[in-house]
Every structure is written in structure tokens, then in C-alpha cells.
Amino acid sequence: MNPIRNPFAPGAGTPPPELAGRDALRESLHVALERARLGRPAKSAMLVGLRGVGKTVLLDRVRDDAEAAGIHSVRIEAPEGRSLPALLAPQLRQALLRLSQMEAAKAYAIRGLRALAGFVGKLKLTYNDIEVGLDYDAEPGLADNGDLEHDLQALMEQVGLAAKAAGTALALFIDELQYVEEDQLAALITSLHRTEQRQLPVVLVGAGLPQLRGRMGNAKSYAERLFDFPEVGPLTADAARLAISKPLNDEGVRITDEALAEILRVTQGYAYFLQAWGSHTWLAAAGSPIGLADVQSASTTAVAALDESFFRVRFDRCTPKEKKYLRAMAELGEGPHRSGDIAACMNAKVSSLAPTRSSLIAKGMVWSPNHGDTAFTVPMFDAFMKRIMPGDDWR
């Protein structure tokens, strides 16, 4: 069929043609943001889940919802190697400048910009990657202590006061939050705790891998009371069917029940894989209706494309020893697996593999669902490891 009309969109955070199965979560976040705007208690939220479940897409859609409702927002992705102050400072500057255009909030926003100047001035030496334009001179004693936890708390208070005066809320959307260093994560949690205590309209909607829940608890023990941790997982069967059938129907194309069932089987309902199989099935089909043979033909090209992009980009970040560790996990199956079983598969001691496991967790390749357990953060990665490292030569 015409590739130009292909409705499916497999990509990193690329919005799908039909965001199926997420309405309840979107509504709960909408309620939290609106409650914050009214000055009522509202929990921030951390969207946690494996790679490829659609966390980034959902984060961006909720942000679009918030902006459409008149709530101010900032959007940050937390890559490895960047400090939280470096990511937050320019975004908070933009938010304060926007708020300063509103007469009711102007004085509060300007004081917030002075707080930002003090915040940056004192922390620039500690975090050498902070680069942001400053519009006002610092106010002595305001967010200029040189201690991140103290200063971020003071800065966020000023931002919250400005948003309150403007009759709106500020929503912070931060993706890949698991990469933020623990002390910086603790400072962020403390600042949000303070704004909540003062009933200021500041809400964080974050997204990250499953280990984020534990990392936040380690950073601040009260994090589990301050945040909700909705799990973003595979789509239900009904939602997965809708994610495939509706875009096809919108293009005037039908798909047989057998073909649709096969797509659901091979993708296991994971949002990214649904888009990949939908796209390759469209390209494999000669016309409507799409049949089982079209899906089976598309599976070959879909797997090859995933191996070269979605899976390979993560595999290539690993050292040879880390790759062997992942291959041993794959040998044992989908997981999770006990550390002792992985070590036995590698003919090694658990203690000797602990640094490798820690490194893989830090890179976001694996996580620990329970003490001593290890699981892949990428769905179907076990099958990929067997394809990329076949046989027993890896041992």
C-alpha cells in the first residue's frame, strides 16, 4: 500500500495516531493539576515503566492537556551526565518570564528571577554545566546559600508564589528521571514537599524506568507519600486492538481478526512494538483487507528493524562483560532472575559480577524488582540477545 499514507509512527516519543488505553491516567493527572491550581492538595506523579510502553508520549500528551487548560508548564529530559540545576534553571527562567507578563504576578515573578540569579550564581561553581541568561540581579539571602537542597526549595517557593498570584499552576514535566543523581533527586523532592506544605500550585509529573520508585524512596523516605507512582505497562487487548484498527479504519483499510490477533500476540501489547508491527504490516500488504500472511511477512522486517535500532542502540552502549551478563540473563529466559542463577550461568561468583550488575542498572539496561532479582528494562530483549549473540561462544 502507499507508504506515504502509512498511519503508524514507531519512534522515540513519536505520538501514535491513536493514544489508546491511557484515558484514565490522563484524567487522574488532569484532576491533580486542576486541584493544584485551586490551591488544594494534589499529589505529584511518577510514571514508571519499561522502555517502549509509551511513557514519553503520555508525558507529552498530559503536558499538551495542561497547556490547553491554561496551566503553565516546563518540559525537561534528564540525560546522563547533566546536572539537575543545569536542566531546571533555563526552564524556570522561561516560566518566570511568562508569569511576569501577567500584572497580578509581575512582582512575584521578578522576585523569582532574582532568586534564580542567586541560585545560579552560588551553584555555578559546584555544577559547571549551568548556562542561563539572567534578567535581574540577585537578592542577597534569597536562594544563594550555595546548598542545592536549601536553594532549590527557596527558588521553587518563589515560582509557586508567582503561579498562585497569576491564578494558574506550574507543572514540571521531567522525562528519564532515573538518571538524576540521588542528592539532586533529594533536593527536588524536598522543594516539592515545601511547596505542598505552603499549598503552592507546583506539580511534578515525571517519567522513568521502574527503578525510579526505589531511587526516590532512597533519596527521601517520605517520597512514597508525596508522589503517586502509576505504572505504565502494555496495553490491554482491547486498547491494543484499537491502537491498530482505528488508524487503519481512518485510512479506509480493514484488517482481519486473525491478522489483528497475530499482531497482538507478537507485540505483547507494548505500545512501541504495536506501532512497529503496524507500520511494517502496512508496507507488506498489497491492499485491504490486511490478512494473516501480511502480518507474518511483516514480522521478518519488523524484527530486523528493531534489532538495528531499538535494541541495537542499547546493546552498543554496553561493555563486553556487560553484554555477557545480559546474554546469561537471556539464556535463563525473560526474567526476572536471581543473581545467583545468572552467576552460575556465567561460571562466576555473585560478588565478582556485582559491579557489572550495578553498571547495567545505572545505564538503565536492567533493574531490580526485588532484592537479589534482576530483570530487563527493555521488553523482548532476551530474544534479541540470543539473536545477536547466538550459540555458546559468549560463555
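Just so you know, these numbers use all the heavy atoms, side chains as well, and skip hydrogens, waters and symmetry mates.
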Could you pull out all donor-acceptor pairs under 3.5 Å where a side-chain atom in residues 187-194 meets a protein atom, sequence neighbours excluded?
{"residue": "Thr190", "atom": "OG1", "partner": "Glu149", "partner atom": "OE2", "Å": "3.4"}
{"residue": "Thr190", "atom": "OG1", "partner": "Ala186", "partner atom": "O", "Å": "2.9"}
{"residue": "Ser191", "atom": "OG", "partner": "Leu188", "partner atom": "O", "Å": "2.7"}

Next on the checklist: Which heavy atom of Pro289 sits nearest to which heavy atom of Asp294, and what is that distance?
Outcome noted: O-OD2, 4.2 Å
Next on the checklist: Suppose we screen for side chain to side chain contact (heavy atoms under 4.5 Å, CB included). Which residues come up paired with Val132, at least two apart in sequence or across chains?
Outcome noted: Ala89, Pro90, Arg93, Val120, Ile130, Leu134
Item to check | Shortest non-hydrogen separation from Gly333 to Phe376 and the atoms involved | outcome: O-CE1, 4.2 Å
Item to check | CG/Asp137: more than 12 non-hydrogen atoms of other groups inside 6.0 Å | outcome: no
Item to check | Over all atoms of both residues, closest heavy-atom pair of Gly364 and Thr377 | outcome: O-OG1, 2.5 Å
Checklist entry - If you count the non-hydrogen atoms of other residues, nucleotides and ligands that lie under 6.0 Å from NZ in Lys43, is the total more than 12? => result yes
Checklist entry - Salt bridge or not for Arg241 and Asp238, using N-O below 4.0 Å? => result yes
Checklist entry - Is the number of heavy atoms from other residues, nucleotides or ligands under 6.0 Å of Glu224 CD greater than 12? => result no
Next on the checklist: Quick one: does any side-chain atom of Arg114 pair with a main-chain N or O of Ala138 as donor and acceptor, under 3.5 Å?
Outcome noted: no
Item to check | Joint cluster assignment, Leu360 & Leu332, ILVMFWY side-chain distance < 4.5 Å | outcome: yes
Next on the checklist: Could you check whether any side-chain N or O of His337 sits under 3.5 Å from a backbone N or O of Met329, counting only pairs where one atom can act as donor and the other as acceptor?
Outcome noted: yes
Checklist entry - Could Asp250 and Lys246 be called an ion pair, given the rule that one side-chain N must be under 4.0 Å from one carboxylate O? => result yes
Checklist entry - Does a salt bridge link Glu262 with Arg265, judged by any charged N lying under 4.0 Å from a carboxylate O? => result yes
Item to check | Check: Asp228 side chain, Ala45 main-chain N or O, donor-acceptor pair, under 3.5 Å | outcome: no
Checklist entry - Is Lys122 salt-bridged to Asp151, going by a charged N under 4.0 Å from an acidic O? => result no
Checklist entry - Could Arg314 and Phe310 be counted as a cation-pi pair, given that NZ or CZ must be under 6.0 Å from the ring centre and within 45° of the axis? => result yes
Checklist entry - Does Ser359 reach the main-chain N or O of Pro355 with its side chain, forming a donor-acceptor pair under 3.5 Å? => result no
Item to check | Presence of salt bridge, Asp373 and Arg338, under 4.0 angstrom | outcome: yes
Checklist entry - In terms of heavy-atom contacts, does NZ of Lys349 have more than 12 from other residues, nucleotides or ligands at under 6.0 Å? => result no
Checklist entry - Where do Phe311 and Ile388 land on the side-chain contact (heavy atoms from CB on, under 4.5 Å) test, with the steps shown first? => result CA-CA 10 Å; Phe311 293 128; Ile388 199 75; over 6 Å; no
Checklist entry - Would you find more than 12 non-hydrogen atoms of other residues, nucleotides or ligands less than 6.0 Å from Glu334 atom CD? => result no
Checklist entry - For the residue pair Gln211 and Ile361, what are the closest heavy atoms and their distance? => result NE2-O, 3.4 Å
Item to check | More than 12 heavy atoms of other groups within 6.0 Å of Lys363 NZ | outcome: yes
Item to check | Side-chain touch Pro15/Asp60, heavy atoms, less than 4.5 angstrom | outcome: no
Checklist entry - Side chain of Arg254, backbone of Leu248: donor and acceptor closer than 3.5 Å? => result no
Next on the checklist: Tell me whether Phe381 shares a hydrophobic cluster with Val366, the cluster being built from Ile, Leu, Val, Met, Phe, Trp, Tyr side chains joined at under 4.5 Å.
Outcome noted: yes
Checklist entry - Do Ile71 and Tyr108 belong together in a cluster built from hydrophobic side chains that touch within less than 4.5 Å? => result no
Next on the checklist: The test is side-chain contact (heavy atoms from CB on, under 4.5 Å); show your working for Leu170 and Leu92 and say whether it passes.
Outcome noted: CA-CA 10 Å; Leu170 178 72; Leu92 291 179; 4.2 Å; yes
Checklist outcome for this item: With sequence neighbours left out, the residues meeting ring pair (Phe, Tyr, Trp, His ring centres under 6.0 Å) with Phe315 are Phe384
Checklist entry - Stepwise, does the side-chain contact (heavy atoms from CB on, under 4.5 Å) test hold for Glu139 with Arg111? => result CA-CA 8 Å; Glu139 178 181 321; Arg111 191 157 194 257; 2.7 Å; yes
Checklist entry - For the side chain of Gln178 and the backbone of Leu209, is there at least one donor-acceptor N/O pair under 3.5 Å apart? => result yes
Next on the checklist: Has Ser279 got a side-chain atom pairing as donor or acceptor with Phe8's backbone, closer than 3.5 angstrom?
Outcome noted: no
Determine all donor-acceptor pairs shorter than 3.5 Å in which one atom belongs to a side chain in residues 196-206; sequence neighbours excluded.
{"residue": "Arg198", "atom": "NH1", "partner": "Glu157", "partner atom": "OE1", "Å": "2.6"}

Next on the checklist: Could you check whether Thr168 and His72, counting side-chain N and O atoms only, form a donor-acceptor pair closer than 3.5 Å?
Outcome noted: no
Item to check | Test item: Arg327 side-chain N/O and Met389 main-chain N/O as donor-acceptor pair under 3.5 Å | outcome: yes
Item to check | Pairs involving residues 44-57, ordered by first then second residue, that meet side chain to side chain donor-acceptor pair (under 3.5 Å) (sequence neighbours left out) | outcome: Arg51-Glu176, Arg51-Tyr179, Thr56-Asp175
Next on the checklist: I'd like to know whether Val253 forms a side-chain contact (heavy atoms from CB on, under 4.5 Å) with Trp282, so could you lay out the CA-CA distance, the side-chain angles of the two residues, the decisive distance to 0.1 Å, and finally the verdict.
Outcome noted: CA-CA 10 Å; Val253 175; Trp282 174 279; 3.8 Å; yes
Checklist entry - Can you tell me if CZ on Arg387 sees more than 12 non-hydrogen neighbours from other groups inside 6.0 Å? => result yes
Checklist outcome for this item: Minimal heavy-atom distance between Leu177 and Ile174, with the atoms involved, is CD1-CG2, 3.4 Å
Item to check | Taking every non-hydrogen atom, the tightest pair across Gly81 and Asp129 | outcome: O-OD2, 4.4 Å
Next on the checklist: Tell me if a side-chain donor or acceptor on Ser339 pairs with a main-chain N or O of Gly372 at a distance below 3.5 Å.
Outcome noted: yes
Checklist entry - Is there a side-chain contact between Arg317 and Glu80 (heavy atoms, below 4.5 Å)? => result yes
Item to check | Pairs flagged by side chain to side chain donor-acceptor pair (under 3.5 Å) wherever residues 266-275 is involved - sequence neighbours left out | outcome: none
Next on the checklist: Between Arg215 and Val180 (side chain of the first, backbone of the second, donor and acceptor by atom type, cut-off under 3.5 Å), is there such a pair?
Outcome noted: yes
Next on the checklist: Hydrophobic clustering (ILVMFWY, side-chain heavy atoms < 4.5 Å, transitive) - are Leu155 and Phe173 grouped together?
Outcome noted: no
Next on the checklist: Would you say that Tyr127 contacts Leu84 through its side chain, given a criterion of any heavy-atom pair below 4.5 Å between the two side chains?
Outcome noted: no
